[in-house]
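The structure appears below as structure tokens.
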Amino acid sequence: KNAAELKVSARGTGALVRRGLDLSAVMREASQSVDGDGGGHDIAAGATIPAAERDAFLAAADALVADQLS
């Protein structure tokens with residue numbers, strides 16, 4: 001296991017899921033964009049990403065959530 005990895009956990013609410021939130025897609029797409037891996041459920045998901053890519057992962061996840069909820 002690479003010590004330079006971060007584990008990321010995300011939790012949503014039923015109201016956000018009803019508005020279109022899918023954290024499984026967010027974690028999968030954002031993590032894969034930085035050579036990580038992720039997935040889960042619409043309301044709760046996680047990812048493992050390279051530690052050095054934290055800021056890029058957060059930016060990607062933020063953009064994906066904004067797009068889903070717009």
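Given the structure is predicted, the values throughout are model-derived calculations rather than measurements.
- Remark: Arg19 pairs with no residue by the side-chain hydrogen bond (donor to acceptor under 3.5 Å, both in side chains) rule, at least two apart or across chains.
- For the pair Phe57/Ser31, a side-chain contact is recorded, criterion being any heavy-atom separation below 4.5 Å from C-beta on.
- Val17 and Leu23 are members of different hydrophobic clusters when ILVMFWY side chains are connected at heavy-atom separations under 4.5 Å.
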Contacts table for residues 37-50: side-chain donor-acceptor under 3.5 angstrom, sequence neighbours left out:
none

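- Atoms CZ and CG, on Arg28 and Asp22 in that order, are 7.0 Å from each other to the nearest 0.5 Å.
- Results of the side-chain contact (heavy atoms from CB on, under 4.5 Å) test with Glu53 over Asp35, Leu58, Val34 single out Val34 as the only residue that passes.
- Note: Leu69 CG to Leu64 CG = 11.0 Å, rounded to the nearest 0.5 Å.
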